[in-house]
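By convention here, the first residue in the shown sequence is residue 1.
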Amino acid sequence: MRRTVFNEDHEAFRETLRAFIEAEVVPVYDEWFTQGIVPREFYYKLAELGLFGINVPEEYGGAGLETHKFEAVQYEETARAGVTFGGSGVHVLLALPYLKMLATDEQKKRFLPKFVSGEEMWAIAMTEPGTGSDLAGMKTTARLSEDGTHYVLNGAKTFITGGVHADKVIVCARTAAATAEDRRHGISLFAVDTRSEGYSVGRKLDKLGLRTSDTAELAFVDVEVPVEDLLGEENKGFSYLGANLPSERWGIAFGAYAQARAAVRFAKSYVQERTVFGKPVSHFQNTKFELAACQAEVDAAEAVADRALEALDAGELTPAEAASAKLFCTEVAHRVIDRCLQLHGGYGYMNEYPIARLYADNRVNRIYGGTSEIMKTIIAKDMGL
């Protein structure tokens, strides 16, 4: 089946990235997996490779492109190799759109050059203990000081990917109380320096999957945030969050598809090499049928992921379309990876095999960025139901 989503530039980037992964990541990935974190220095290597500046305007040190296709290639190549780049995806896919959309010229001059160089890694802090997907229920507050020079930030966040290594964090906080008519009113976004007094990183959370991605709890006790670091306008944060959710959900959808594709590759290789009852496992009809069914599902997920990518690049991806892509691709990946692990037998349960790590990594795709149940609610509402 011929794909049209990528051109020669993307394929040249793929070759470079694949060589980089083989040389810089694969040899040390087991060590990262055991430690549960990627070394901070690794992000400078990603910056040197140009991964952080692709969508950053040239005047701030980036390539000035407006496309997510290079990110898509990265999803495919990391999945293919059975590795991840830690929390760096949050830096580019989640944080950057807010900086480009909301930062003033003065803020961009301060933030973006260090963003591109990897000198300052960014994360975003939305979720709070006890609130989950209910962002309107957040209790973290940011009160303007009497002299009007800074906000005083108090509260806590959890499940913050990239939270251990982050130098800057986009923090969502209440600057006004919610109203009876609108629970979403009163949320604002701030660029918070992690070196600020009163800012602290709690536990590095022990996750089922995505072991190399640092995920943390954050706490803010009277953290002073200069008024110059407010992103966008006060009290309009929820609308900003909504504007960027489609791109986040596309990323999860495409990443899930890439994982499913990689799972088929791992399983195909394994069953061709593994011998049972005197012949390769690939010779059994059940094996052929299972992998054929998985490949058909991957083909369908690829088409959905590619269509969403084209719509995103064109600025036409709607919230409902993003929700549909995320729901479909993550559910496909769940089924495919499970079946491919089954074909590995007992070895599929061992972490030394990529399929086992993939199985664990994939599970969160149906939870973060909005659960599958939330995606169904969005789709149903768009259907007029």
[X] (side chain) donor-acceptor with [Y] (main chain) under 3.5 angstrom:
X	Y	result
Y29	T84	yes
R265	R80	yes
D306	V5	no
Y240	E233	yes
Y43	G87	yes
S269	F266	no
N365	A253	no
T194	A166	yes
H165	V38	yes
R174	H185	yes

TODO: Can you sort out the partners of T4 under side chain to side chain contact (heavy atoms under 4.5 Å, CB included), two or more places apart, ordered by chain and number?
DONE: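 T4: side chain to side chain contact (heavy atoms under 4.5 Å, CB included) contacts with R2.
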Open item on the list: Using the side chain to side chain contact (heavy atoms under 4.5 Å, CB included) criterion, which residues pair with A300? Sequence neighbours excluded.
Closed with: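 Partners of A300 under the side chain to side chain contact (heavy atoms under 4.5 Å, CB included) test: F328.
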Could you tell me if the side chain of [Y] sits less than 4.5 Å from the side chain of [X], heavy atoms only?
X	Y	answer
V25	F85	yes
L96	H91	no
D229	R110	yes
T215	L210	no
T158	L205	yes
V26	I21	yes

Between [X] and [Y], do the side chains contain an N or O donor and an N or O acceptor separated by less than 3.5 Å?
X	Y	answer
T161	S213	no
D299	Q295	yes
N154	T141	no
R261	Y257	yes

Basic-acidic side-chain contact under 4.0 Å: [X], [Y]:
X	Y	value
K69	E310	yes
E76	R14	yes
K376	E331	no
E41	K45	no

Does atom [atom1] ([X]) have a neighbourhood of more than 12 heavy atoms from anything else shown, all under 6.0 Å?
X	atom1	result
K268	NZ	no
R40	CZ	yes
E66	CD	yes

Which atom of [X] lies closest to which atom of [Y], heavy atoms considered:
X	Y	value
A333	A260	CA-CB, 3.9 Å
T140	E128	OG1-OE2, 2.7 Å
S188	T175	OG-OG1, 2.6 Å
M101	A243	SD-CB, 4.3 Å
N235	G186	OD1-CA, 3.5 Å
A125	V169	CB-CG1, 3.7 Å

Task: salt bridge (Lys or Arg N to Asp or Glu O under 4.0 Å) partner of R211, the single match among D206, D361, D30 - done: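 Checked D206, D361, D30 against R211; only one passes salt bridge (Lys or Arg N to Asp or Glu O under 4.0 Å): D206.
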Open item on the list: Can you confirm whether or not the ring centre of Y151 sits under 6.0 Å from the ring centre of F190?
Closed with: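 Yes: the rings meet the under 6.0 Å criterion.
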Task: Residues in ring-ring contact (aromatic ring centres under 6.0 Å, His included) contact with F70, at least two apart in sequence or another chain - done: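 So F70 forms a ring-ring contact (aromatic ring centres under 6.0 Å, His included) with H10, F13.
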- [ ] Evaluate salt bridge (Lys or Arg N to Asp or Glu O under 4.0 Å) for E22 paired with R18, printing each intermediate quantity in order.
- [x] CA-CA 6 Å; E22 288 297 323; R18 186 173 296 183; over 6 Å; no
Open item on the list: Parallel, tilted or perpendicular, judged at 30° and 60°: which one describes the rings of W122 and F115?
Closed with: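 W122 vs F115 ring planes: tilted.
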- [ ] Return the orientation label for the Y347 and Y270 ring planes: parallel under 30°, perpendicular over 60°, tilted otherwise.
- [x]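 The rings of Y347 and Y270 sit tilted, inter-plane angle from 30° to 60°.
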Task: Rounded distance (nearest 0.5 Å) linking atom CG of D222 with atom CG of L153 - done: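 Between atom CG of D222 and atom CG of L153 there are 9.5 Å.
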